[in-house]
Amino acid sequence: MKQEVVVRFPPSPTGYLHIGGARTAIFNWLFAQKTGGKLILRIEDTDAERSSEEMIQGIIDSLKWLGVTWDEGPYFQSRFSNEHVAAAKRLLDSGHAYKCFCTKEDLDQKREEARKRKAALQYDGTCRNLTPDEIAKKEAAGTPYLIRLKVPPGEGSVMFADIVYGIIEKKYEDIEDFVIVRSNGQPLYILSNAVDDIRDRITHVIRGQDGLANTPKQILIYKALGAPIPKFAHMPLTLDPKKAKISKRTHGEMVAVHFYREHGFLPWALLNYLVLLGWSTPDSREIFSKEELIEAFSLEGINRANAVFDVRKDDPKFFTDPKAISINTHYLRNLPVEDIEPYVRAELEKAGIWDPEFEGTRHDWFLRTIDLIRSRYHITTDFATLGRAYFSDDYPIEPKALKKNILKHEGLKEWFPVLADRLQAIDTFTVEEAEKVIRETADEFGIKAGILINGIRAAVTGQAVGPGLFDVLIAVGRTRVVERLGKGVSFFE
RNA sequence: GGUCCCAUCGUCUAGCGGUCUAGGAUACUGGCCUCUCACGCCAGAGACACGGGUUCGAUUCCCGUUGGGACUACCA
């Protein structure tokens, strides 16, 4: 019988969830979904100094927003510190680890010397072979100690087959006797993480490539503890355009999941973009529904080369990776209107122009209007900014539109009121009738229809661009159109 | 410094010895459409880091160089 897959996402709550972490969570989630396995959320909060309740909540909110679901947890690493300590004691008792009484100063000094000699800066094993007598003496003297894992001596090596990177081999002699417990008795991440994974019966460790170099050490811990070794799949890192690892510290909000939430991204669009960073299908397909993505996903499709998250700081045209925006745009335009309705509503509420009628008596109108204007928007916030005139009477007139489409044609001062009257007089206010009236008016005054059309668009929507004008008029509604045109004269004052 | 990983258009990528005059996406340019702007459609420009091998034949395999990245804490 095949063993059930269990994977985990173990964020450290020292900050918000960023792009890189989200991507790791997504890959784990997809693998669990694909294999019918479980995803465990484990908060690695053992660094109490830097962890906070607020960050934990933020990470959970971001995961939920993305639609990444987990089957167990959140567990908190700090609750299991007794297990980590117990594991260290077992290692000590079985001779797989030893106490090291070297002082930090000694170690620093030795490291410094090694650096000067240009040699590897490994621990020299001073305390590795202390006799029981010597140990007892130092303990009796109250000398503080930390615990190091005893790396097997000799020619051997640690070897494992990473699902993404292939066979990785590391010689014992290239691994130092690394610290697993601090002198204050606190276990270190490398130990805690392995112990937690063993307890949680993790079958596949899917994480960033930055964990690759530490994997041999962790395998040594698994072996020393007599635990089965999980499969490893390391994924390429996300780099910034300068090829530096993405981090909260250097990139700030730009790389936070919540930044994209606040800037008009649809969660699935962000997820879809993120999964494309380091993963692909043989046919280079890029747009997937949730079901399609789970179906298509496989660890074998993960790329080895790091990917650049093309964030563009201070780019007037793109506030983030153009590809991410284009995927968001795609969903904004192609999803059923009902699917994006809630996001539009949220934006209108945020802008203070939400009207309950939009989901009441004017619900059909609301959906049709969203559908009418969405093809030129990229982010959901556009509905409240660029699309404001459709939902509120309080909208700004873009200076460029005012100048180019209204002030340039002084005749509009007279034409606007005429148009207002004539549109008001139409029997049934339809696209066809409105168009007829406007074109006839243009003929009558001997001007190109475009002048009236563009002028009306600027007056009615505040913008120089937008959907076909006659559709706009119907969407905005006769009453408002007439009212707005009636005020048109004031532009010239 | 040591150990390890990586290397195809600006960016994300396909390619797993001949199908490559290297495919897709995005961004960019031009055109069509048109009341504007988008959408859509059509077209264009744009890459196998370099040098050695192996082979009848290398983008694909091996080695080296260069470049980039990660790890190397009593952080996680």
Side-chain angles (χ1 to χ4, degrees), chain A residues 10-14 44-47 49-51 77 100 104 107-108 111 114-122 144-148 162 165-166 168-171 174-176 178-186 188-190 192-193 208-217 234 236-237 239 241-245 273 276-287 303-310 312 317-318 321-327 329 333 373-378 401 404-405 435 438-439 442 448-458 463-470:
Chain A
S12 169
T14 52
E44 306 218 319
D45 60 344
T46 42
D47 185 352
E49 288 289 304
R50 299 194 297 150
S51 299
Q77 186 168 63
C100 171
K104 183 149 175 49
L107 294 175
D108 286 346
R111 231 192 307 269
R115 198 186 300 277
K116 277 181 196 152
R117 287 203 322 275
K118 301 200 169 189
L121 4 160
Q122 286 194 12
Y145 64 86
L146 41 79
I147 301 177
R148 290 178 184 275
D162 188 272
Y165 288 93
I168 305 287
E169 185 174 9
K170 183 124 173 163
K171 297 197 199 82
D174 288 329
I175 309 173
E176 69 172 340
F178 56 95
V179 179
I180 54 175
V181 178
R182 296 186 185 87
S183 52
N184 66 3
Q186 288 291 313
L188 245 37
Y189 159 78
I190 193 138
S192 308
N193 185 262
Q209 196 230 65
D210 45 356
L212 193 60
N214 277 325
T215 307
K217 291 182 184 172
H234 286 88
L237 267 18
L239 272 22
K242 287 188 207 122
K243 297 283 171 79
K245 193 170 142 184
Y273 163 75
L276 256 21
L277 245 35
W279 174 83
S280 62
T281 56
D283 61 354
S284 295
R285 186 170 172 197
E286 311 209 290
I287 300 293
N303 196 233
R304 277 181 281 273
N306 291 339
V308 171
F309 176 46
D310 204 10
R312 310 194 165 187
K317 196 160 176 196
F318 302 102
D321 191 328
K323 184 135 193 172
I325 295 179
S326 85
I327 290 178
T329 303
R333 288 176 188 154
I373 60 184
R374 65 173 170 166
S375 83
R376 64 219 78 214
Y377 294 167
H378 297 102
K404 194 176 89 180
N405 293 342
E435 174 160 12
I438 291 169
R439 288 196 187 279
K448 285 199 290 186
I451 294 176
L452 291 188
I453 289 171
N454 290 324
I456 296 170
R457 177 182 290 108
Q463 299 193 315
V465 303
L469 179 78
F470 311 112

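Note on naming: letters A, B, ... go to the chains in the order of the sequence lines (proteins, then strands), and numbering restarts at 1 for each one.
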Over all strands shown, is A:L237 touching base, sugar-phosphate only, or nothing at heavy-atom distances under 4.0 angstrom?
sugar-phosphate
Does B:C28 have a Watson-Crick or wobble partner in any strand here, with both distances under 3.5 angstrom, and which is it?
B:G44
So A:Y377, base contact, sugar-phosphate only, or nothing? Heavy-atom distance under 4.0 Å.
nothing
Has the side chain of A:N306 got a donor or acceptor atom that lies under 3.5 Å from a matching backbone atom of A:L237?
yes
Looking only at atom types and distance, does a side-chain atom of A:R457 sit under 3.5 Å from a main-chain N or O of A:P467, one as donor and one as acceptor?
yes
Rounded to whole Å, the NZ-P distance (A:K404 to B:C35) equals 15 Å
Between atom CZ in A:F178 and atom P in B:C71, what is the gap in whole Å?
17 Å
A:Y273 (side chain) donor-acceptor with A:I325 (main chain) under 3.5 angstrom:
no
Over all strands shown, is A:R285 touching base, sugar-phosphate only, or nothing at heavy-atom distances under 4.0 angstrom?
nothing
Would you check if A:I456 and A:I438 make a side-chain contact, meaning some heavy-atom pair closer than 4.5 Å?
yes
If pairing means Watson-Crick or G-U wobble with both distances under 3.5 Å, then the partner of B:A14 is none
Using a 4.0 Å heavy-atom cut-off across all strands, classify A:K317 as base, sugar-phosphate, or nothing.
sugar-phosphate
Nucleotides 4-11 of chain B: which of its N/O atoms have a protein N/O under 3.5 Å away?
residue : atom : partner : partner atom : Å
B:C5    : O2'  : A:Q209  : NE2          : 3.3

Would you please name every residue forming a side-chain hydrogen bond (donor to acceptor under 3.5 Å, both in side chains) with A:R374, sequence neighbours left out?
A:D371
So, does A:S284 get its side chain near the phosphate of B:A25, meaning an N or O under 4.0 Å from OP1 or OP2?
no
Between atom NZ in A:K245 and atom C1' in B:A70, what is the gap in whole Å?
7 Å
For A:P467, which contact category applies under a 4.0 Å heavy-atom criterion: base, sugar-phosphate, or nothing?
base
Quickly work out the A:I287 CD1 to B:G24 C1' distance and round it to whole Å.
13 Å
Look only at the side chain of A:Q463 and the backbone of A:A401, and say whether a donor-acceptor pair between them is shorter than 3.5 Å.
no
Any protein N or O atoms within reach of nucleotides 58-66 of chain B? Criterion: under 3.5 Å, listing atom names and distances.
none

Any donor and acceptor pair, going by atom type alone, linking the side chain of A:R376 with main-chain N or O of A:G466 inside 3.5 Å?
yes
Phosphate OP1/OP2 of B:C35: any A:R439 side-chain N/O under 4.0 Å
yes
Under the 3.5 angstrom rule, does the side chain of A:N193 hit a backbone N or O of A:Y189 as a donor-acceptor pair?
no
When the distance from CD1 of A:I327 to C1' of B:G24 is rounded to whole Å, what number comes out?
13 Å
Using Watson-Crick or G-U wobble geometry with both distances below 3.5 Å, tell me the partner of B:U3, or none.
B:A70
Salt bridge (charged side-chain N to carboxylate O under 4.0 Å, His left out) partners of A:R312, counting only residues at least two apart:
A:D310, A:D315
Flag the pair A:L276 / A:I327 as yes when at least one side-chain heavy-atom distance between them is below 4.5 Å, and no otherwise.
yes
With a non-hydrogen cut-off below 4.0 angstrom, is A:G211 in contact with a base, only sugar-phosphate, or nothing?
nothing
Polar atoms only, N or O, under 3.5 Å: list the protein pairs with nucleotides 72-76 of chain B and their distances.
residue : atom : partner : partner atom : Å
B:A73   : OP2  : A:R111  : NH1          : 3.3
B:C74   : O2   : A:S183  : N            : 2.9
B:C74   : O2   : A:S183  : OG           : 2.7
B:C74   : N3   : A:S183  : OG           : 2.8
B:C75   : OP2  : A:R182  : NE           : 2.1
B:C75   : OP2  : A:R182  : NH2          : 2.7
B:C75   : O3'  : A:R182  : NH2          : 3.1
B:C75   : O2'  : A:D47   : OD2          : 2.6
B:C75   : O2'  : A:R50   : NH2          : 3.4
B:C75   : O2   : A:R50   : NH2          : 3.1
B:A76   : OP1  : A:R182  : NH2          : 2.9
B:A76   : OP2  : A:Y189  : N            : 3.1
B:A76   : O3'  : A:E44   : O            : 3.3
B:A76   : O3'  : A:T46   : OG1          : 3.3
B:A76   : O3'  : A:Q77   : OE1          : 3.3
B:A76   : O2'  : A:S12   : OG           : 3.0

A:R304 CZ: over 12 foreign heavy atoms closer than 6.0 Å:
no
Could you check A:L276 against A:S375 and say which one's nearest nucleotide on RNA chain B is further toward the 5' end?
A:L276
From CG of A:D210 across to P of B:C71 the rounded distance in Å is 5 Å
Earlier contact from the 5' end, RNA chain B, for A:I453 and A:Q122
A:Q122
Taking side-chain hydrogen bond (donor to acceptor under 3.5 Å, both in side chains) as the test, write out the residues that go with A:K217, two or more places apart.
none
Pair assignment for B:C50, Watson-Crick or G-U wobble, requiring both distances under 3.5 Å
B:G64
Partner of B:A22 by Watson-Crick or G-U wobble geometry, both contacts under 3.5 Å, or none?
none
Watson-Crick/G-U partner (both atom distances under 3.5 Å) of B:U36:
none
Does A:H234 offer a backbone N or O that forms a donor-acceptor pair with the side chain of A:D162 under 3.5 Å?
yes
